Protein chains: 2
Amino acid sequence: MQLKDLAKQLNVSVSTVSRTVNGTGRVGAKTRERILDAIKQTGYQPNEVARSLKRRSARTLGVVVADLSNSFYSKVIKGVEKVASENSYNVFVCNTDEEVGKEEEYIRVLLQNQVSGLVIATVGSDVRLFQPYIDSGIPFVFIDNLPLLEERFNLVAIDNAKASRSITQHLVDQGHRKIAMMTGPLNQSTSSERLLGFRKCLEDNGIMPEERWIGVGTFKQEYGYRMMREWLLNEDRPTAVLAANDFLMYGAIKAIYERGLKIPEDIAVACFDANDETGLISPGITAIIQPAYEIGSIAAEIIMRREHDKGRKQYEKIELEPVLLLKQSSMGNKG
Amino acid sequence: MQLKDLAKQLNVSVSTVSRTVNGTGRVGAKTRERILDAIKQTGYQPNEVARSLKRRSARTLGVVVADLSNSFYSKVIKGVEKVASENSYNVFVCNTDEEVGKEEEYIRVLLQNQVSGLVIATVGSDVRLFQPYIDSGIPFVFIDNLPLLEERFNLVAIDNAKASRSITQHLVDQGHRKIAMMTGPLNQSTSSERLLGFRKCLEDNGIMPEERWIGVGTFKQEYGYRMMREWLLNEDRPTAVLAANDFLMYGAIKAIYERGLKIPEDIAVACFDANDETGLISPGITAIIQPAYEIGSIAAEIIMRREHDKGRKQYEKIELEPVLLLKQSSMGNKG
DNA sequence: CTGTTAGCGCCTTCAG
DNA sequence: CTGAAGGCGCTAACAG
């Protein structure tokens, strides 16, 4: 069923039907009535693809994340979706599994599909590939990780270095001086910034960071486990560990338990993003919690704003405040 | 940049360019060469929306789930996405928050966007609204919950009643006779089937199900908490609880701990879908684990098959085997 | 107030 | 092997 058929059936022109469907332009009361009726009868639904082609925009947002099953990202997505649906936009969600190739591919596909904007937690793809699009005015909003771009992008994120300093300071305040850190690839800014903040904080406290206790690998559980195991093989082991995300921490904890050690008595742990909804993880894990839902909704709002004043190429950098959630995993004074 | 511009620039017709872009129809070797070059130079990308309009199909799958942050669904989505991307299809993901209205709205929007097929974990919307679409051959694949439809739909799911019987039997085998069950709305088949299996198992074991220990509410943590609390107010309380999903169970456990009781010593617990990736939830929770990723990928494959032999209206019902994961939460003999 | 018409960007017969 | 032309379903001038 389409416009044309309806029009024919009612002996009016397609444009009249179109106008009443869209509520644009004046249409006679009774003709409108008849048309609305027929629409209800036939269950006519406009073809969005045709509309998108005409309008040259699909009223769709693309979201590219590394891992859907990571609750941080799923909350971001919910935030994006809320704003999108308030504006009658759709959301395309893509999962890159932290693979740069997939990320580039998905961005390309989304662009081909005429998305109105992109929300990206990049894992380091060469976003410059998409410079033409960015310049052409399609808003790219980065969350979490910074891209390899100069200035021409929007950003919604926390200050990772600062957050890292604050959680490290907490460990120091508990009396720890032998603190290890594990993080993901340094080409991701979340990783490098968190490491930077960690180092800075130790230095500010007159502690020399031990290079052997700095693990740079991936953001996956398996790496956290391997790294921690290695550290524990040595007699001289850290008394506290900071992990740059929750998966790393879960891996680390597994290694700690395997070694028969206790948290926090033998080793204190803290990390980013561990937000236990169940309340059953024990001990509770001290963590920096990012406002994930807000990150998503604000990112989407930026795109909406760009849709309104198109052409105006202007970029927003929004910094949100995380929360330092204190739990048992890091408690107990070592001083 | 579009087809027309490229054609003009190279002094060939649009059709020739189109043919070489798509690799369809013969094109002279050197003209092809020139065109391919120009494509690389200009970074031309075909407009998918226009293609979709022409083709009258968007090569897109829609997925409708109740809650993205539920790991069961995020795994399903990953499964769908894998198959989709293997076939160069895109995935639209929608989150209904368990609201029937949102579900109907999203299905409508997806259809308007000419998706090639839908994967739906329905929360009970009146899918008959979409009967015309189903009849017109757009494949609807249901997972998890059964729709209010006769026969004309595809299904990928586990046998919920059977799974429920088996986990209940496990509790009985541990010596329990005072077993409670909490579940979601009965208009969702996962809920009603699981309750059915529970009842059946008790009866098979000569145990009369106590109606006061059967809680029918929502699938949310908050309800699990409230229900459990109520049960615990009474002197005569169940010695084991089965929850129809993990959120309910987390709520129940919270209530149990608040009451100062121990798991499994005072009360044994078991549920559906609690798949602890962290390994830190303690005690570990006995649960029926559904093969979520496979459910998603098989659902997507069904759609792909329908794309190939279109017109052939045929429906597949696929039953997958869940796993009964035994953990401490239900261990210890009460007999 | 309503109808006619020209595209949106691409694909695909049908001629040449 | 290549070009011209019509049309996918809808919207938006532009006329009437």
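All heavy atoms count here, side chains included; hydrogens, waters and symmetry mates do not. Quantities reported herein were computed from a predicted structural model and do not represent experimental measurements.
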Under 6.0 Å between the ring centres of B:F140 and B:F153?
no
So, A:S69 versus B:K78: side-chain donor-acceptor pair below 3.5 Å or not?
yes
Could you tell me how far apart [X] ([atom1]) and [N] ([atom2]) are, to the nearest whole angstrom?
X	N	atom1	atom2	answer
A:R56	C:dA6	CZ	P	18 Å
B:R32	D:dT2	CZ	P	9 Å
B:K54	D:dA5	NZ	C1'	11 Å
B:R51	D:dG7	CZ	C1'	18 Å
B:K4	C:dC8	NZ	C1'	9 Å
B:N22	C:dT12	CG	P	7 Å

Let me spell it out: for each of A:Q2 and B:G28, pick the nucleotide of DNA chain D with the closest heavy atom. Which residue's pick is nearer the 5' end?
B:G28
Are the side chain of A:D126 and the backbone N or O of A:R128 linked by a donor-acceptor pair below 3.5 Å?
yes
Closest-nucleotide mapping onto DNA chain C: is B:R19 or B:N47 further toward the 5' terminus? I mean the 5' end.
B:N47
Listed nucleotide nearest any side-chain atom of A:S13, set C:dG3, C:dC11, D:dG3:
C:dG3
